[in-house]
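See below for the structure under consideration.
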Amino acid sequence: MPSRLPEPSADERAHSDRLLQLLREQIVSHGPMPFSQYMERCLYAPGLGYYSAGRTKFGAAGDFVTAPELGELFAGCVVNAVQPVLAMLGDEADFLELGGGSGAFAEAALKALAAGGTLPRQYLILEPSADLRERQRERLLAHLPAELNARVQWLDRPPEQDWRGVLFANEVIDALPATRFAMRQGEVYEEYVVLDGEGRLMRVDRPADALVAAAVRHIERDLGVEFVDGYRSEVLPQLPYWIQAIASSLVAGLMLFVDYGYVRREYYLPERDDGTLMAHYRHHAHDDPLYLPGMNDLTASVDFTALAEAGNSAGFGVAGYLPQAQFLIGAGLQDVFEREHAAIADEHGRYRLAQQAKRLMLPEQMGERFQAMLLARGLDALPLPAELLAADQGGRL
């Protein structure tokens, strides 16, 4: 264990051991496990994975804090940005949130949508975790009036019928199972998880299959460079298929993705030669994804150039790309802040609001590390705030 991490409880160790036993059985039965499959099991194995088990994940009591957990500023700005699209699409517009987390975003967004007079026909939450779904349901029932709760519906899979509206995903793509690749003598290898002689997990490299090798070669061609021997990083060869799966039925509207990541030429810098994979345990980031499986959030940064390519291949155009700080400013952060500030009576509450804004905006916090990408399809016009369009940095893609 990395020595600086908090000591896990007996229950945490027991939970992790159950997942570890499952992983061992699958490796013994089927052979070396691609790292992407290992990551998928650690995050989503029914009843055992990080997102599918019952432990608190978000906020001070969990392992990390997302923008919606900080307060209502973030959701207010997102609503400001997408309200014109919902208004243009009218009564048939829906709002789909991928991965609802604790329900904090849905709560704040529904309040802001109601205040702005652009409530969607349905507020849909695509949430694969039964545990998180129940937490979201309890939170919304406790904090929203019945007429808002009546619009909320949970989905097990993306909508199959054509729909119009807005799809929103905050810190979703970073949790897609990442393929780890490495270069050896000019050839592409893929990282696998195996068992050592004592039954412990370890990582090894094996020759990559055609899909992974093609994805890596595409990056090299796009960058105009070849990765040197020993270079190791991540790629999401499944990203175009994933976008197609979640968005093929969105015939008219906007997708908004907010996540931490880089444009491709910054993602695959020569000095970033061990990729971006990180594990998060009780607000501590570390680099050992094999430690305490099932109890850590495993993530990799997003290649936003790859996201733009995937969107294009699914029939969407990039409507905007910019750092989170610029997105929030362009989406009316100052107005949202002033409105929230005026509604707070005590100085401590106003201090917390100011700290929330700093965390969202400062470059060393979320302001530059997180990026926002808007993808549009089927709209006669692009009714986004002028300030947001003016701050677009899509040329960097």
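The figures here come from the full heavy-atom set of this structure, side chains too, leaving out hydrogens, waters and symmetry mates. Just so you know, residue 1 is the first one in the sequence shown, and it goes up from there.
Of the charged side-chain nitrogens involved, at least one lies within less than 4.0 Å of a carboxylate oxygen, so that Arg13 and Glu7 count as a salt-bridged pair. A salt bridge links Glu134 and Arg137; the closest N-O separation between the charged side-chain nitrogens and carboxylate oxygens is under 4.0 Å. Remark: Arg164 engages Glu92 in a salt bridge, criterion side-chain N to carboxylate O under 4.0 Å. A salt bridge between Asp335 and Arg339 is absent, with no side-chain N of the basic residue lying under 4.0 Å from a carboxylate O of the acidic one. A salt bridge is absent between Arg352 and Asp346; no separation between the charged side-chain nitrogens and carboxylate oxygens falls under 4.0 Å.
With rounding to the nearest 0.5 Å, the separation of CD in Gln324 from SG in Cys77 is 9.0 Å. Between atom CG of residue Leu19 and atom CZ of residue Arg41 there is a gap of 9.5 Å, rounded to the nearest 0.5 Å. Interatomic distance, CD of Gln153 versus CG of Leu96, reported as 10.5 Å (0.5 Å rounding). The line from CZ of Arg139 to OG of Ser102 is 4.5 Å long, rounded to the nearest 0.5 Å. Taken from CZ in Arg396 to CZ in Arg264, the straight-line distance is 14.0 Å, to the nearest 0.5 Å. Atoms CG and CG, from Leu43 and Asn296 in turn, are 9.5 Å apart once rounded to the nearest 0.5 Å.
Between Pro207 and Glu187 the shortest side-chain heavy-atom distance does not fall below 4.5 Å. Inter-residue side-chain proximity for Val302 and Met373 is flagged as unmet; no heavy-atom pair is nearer than 4.5 Å. His286 has its side chain within reach of Leu5: a pair of non-hydrogen atoms, C-beta onward, lies under 4.5 Å apart.
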The test is salt bridge (Lys or Arg N to Asp or Glu O under 4.0 Å); show your working for Arg203 and Glu191 and say whether it passes. CA-CA 7 Å; Arg203 292 187 279 174; Glu191 200 171 284; 3.0 Å; yes

For Asp205 and Arg232, what are the C-alpha separation, side-chain angles and deciding distance, and is it a side chain to side chain contact (heavy atoms under 4.5 Å, CB included)? CA-CA 10 Å; Asp205 295 333; Arg232 189 178 298 271; 2.8 Å; yes

Evaluate Asp91 against Arg121 for side chain to side chain contact (heavy atoms under 4.5 Å, CB included), listing each step before the verdict. CA-CA 6 Å; Asp91 294 340; Arg121 179 181 59 176; over 6 Å; no

Tyr51 vs Asp297, test: side chain to side chain donor-acceptor pair (under 3.5 Å). Steps then yes/no. CA-CA 8 Å; Tyr51 284 110; Asp297 181 31; 3.0 Å; yes

Checking side chain to side chain contact (heavy atoms under 4.5 Å, CB included) for the pair Leu382/Leu389: CA distance, chi angles, key distance, verdict? CA-CA 10 Å; Leu382 196 59; Leu389 290 172; 4.3 Å; yes

Could you check Phe227 against Ile219 for side chain to side chain contact (heavy atoms under 4.5 Å, CB included), going step by step and ending with a plain yes or no? CA-CA 9 Å; Phe227 293 122; Ile219 295 169; 3.7 Å; yes

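Other residues, nucleotides and ligands contribute more than 12 heavy atoms inside 6.0 Å of the CG atom of Asp196. Within 6.0 Å of CD on Glu271 lie more than 12 heavy atoms contributed by other residues, nucleotides or ligands. Within a 6.0 Å sphere centred on CD of Glu220, heavy atoms belonging to other residues, nucleotides or ligands number more than 12. In Glu226, the CD atom is not crowded: 12 or fewer heavy atoms of neighbouring residues, nucleotides or ligands sit closer than 6.0 Å. Around atom CD of Glu160, no more than 12 heavy atoms belonging to other residues, nucleotides or ligands sit under 6.0 Å away.
Listed here is the closest heavy atom pair of Arg282 and Pro6: NH1-CB, 3.6 Å. Residue Met295 comes nearest to Ser16 through the heavy atom pair CG-CB, 4.1 Å, listed as atom of the first residue, atom of the second, then distance. Here the closest non-hydrogen pair linking Pro383 and Pro84 is O-CB, 2.7 Å. The shortest heavy-atom contact between Gly317 and Asn312 is CA-ND2, 4.0 Å. When all heavy atoms of Leu140 and Gly103 are compared, the closest pair comes out as CD2-O, 3.8 Å. Across Arg24 and Leu195, no two heavy atoms sit closer than the pair CG-CD2, 3.8 Å.
Judged by distance alone, with hydrogens and angles left aside, the side-chain atoms of Asn149 form a donor-acceptor pair with the main-chain N or O of Leu144 at under 3.5 Å. Side chain of Thr276 to backbone of Ala300: no donor-acceptor contact under 3.5 angstrom is found. Formation of a donor-acceptor pair under 3.5 Å by the Asp94 side chain with backbone atoms of Gln122 is found in this model. Checked by atom type and distance alone, the side chain of Glu234 pairs as donor or acceptor with a backbone atom of Leu277 at under 3.5 Å. A donor-acceptor pair under 3.5 Å links the side-chain atoms of Glu127 to the main chain of Gly100, judged by distance alone. No donor-acceptor pair under 3.5 Å is formed between the side chain of Glu72 and the backbone N or O of Glu107. Between the side chain of Asp273 and the backbone N or O of Gly230 there is no donor-acceptor pair closer than 3.5 Å. In this structure, the side chain of Arg180 engages the main chain of Asp274 through a donor-acceptor pair within 3.5 Å. When atom types are taken as modelled, the side chain of Ser313 and the backbone of Ala310 share a donor-acceptor pair closer than 3.5 angstrom.
Under the 4.5 Å side-chain heavy-atom criterion for Ile, Leu, Val, Met, Phe, Trp and Tyr, Leu201 and Leu48 are members of the same hydrophobic cluster. Tracing side-chain contacts under 4.5 Å through hydrophobic residues (I, L, V, M, F, W, Y), one reaches Val82 starting from Met88; they form part of the same cluster. Linking Ile, Leu, Val, Met, Phe, Trp and Tyr whenever their side-chain heavy atoms come within less than 4.5 Å leaves Leu124 and Leu110 in two separate clusters. If you chain together hydrophobic residues whose side chains sit under 4.5 Å apart, Ile329 and Phe327 fall into the same group. Taking hydrophobic clusters as Ile, Leu, Val, Met, Phe, Trp and Tyr residues chained together by side-chain heavy-atom distances below 4.5 Å, Val336 shares a cluster with Leu86.
Among the candidates Tyr231, Tyr268, Phe181, the single residue satisfying the side-chain contact (heavy atoms from CB on, under 4.5 Å) test with Val216 is Phe181.
Aromatic ring pairs are classed by plane angle as parallel below 30°, tilted from 30° to 60° and perpendicular above 60°; the pair Phe74 and Phe168 is tilted. The aromatic rings of Phe304 and Tyr321 sit tilted, their planes meeting at an angle between 30° and 60°.
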Less than 3.5 Å apart, which donor and acceptor atoms pair up between the side chains of residues 30-39 and the rest of the protein, not counting sequence neighbours?
residue	atom	partner	partner atom	Å
Tyr38	OH	Pro289	O	2.7

Got a list of side-chain donor-acceptor pairs under 3.5 Å for residues 235-260, not counting sequence neighbours?
residue	atom	partner	partner atom	Å
Gln238	NE2	Pro177	O	2.8
Ser248	OG	Gln244	O	3.1
Ser249	OG	Pro159	O	2.7
Ser249	OG	Trp163	NE1	3.3
Asp259	OD2	Val172	N	3.2
Asp259	OD2	Ile173	N	3.1
Asp259	OD2	Asp174	N	3.1
Tyr260	OH	Asp174	OD1	3.3
Tyr260	OH	Thr299	OG1	2.7

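Among residues two or more places apart in sequence or in another chain, the side-chain contact (heavy atoms from CB on, under 4.5 Å) test is passed with Arg350 by His341, Ile344, Glu347.
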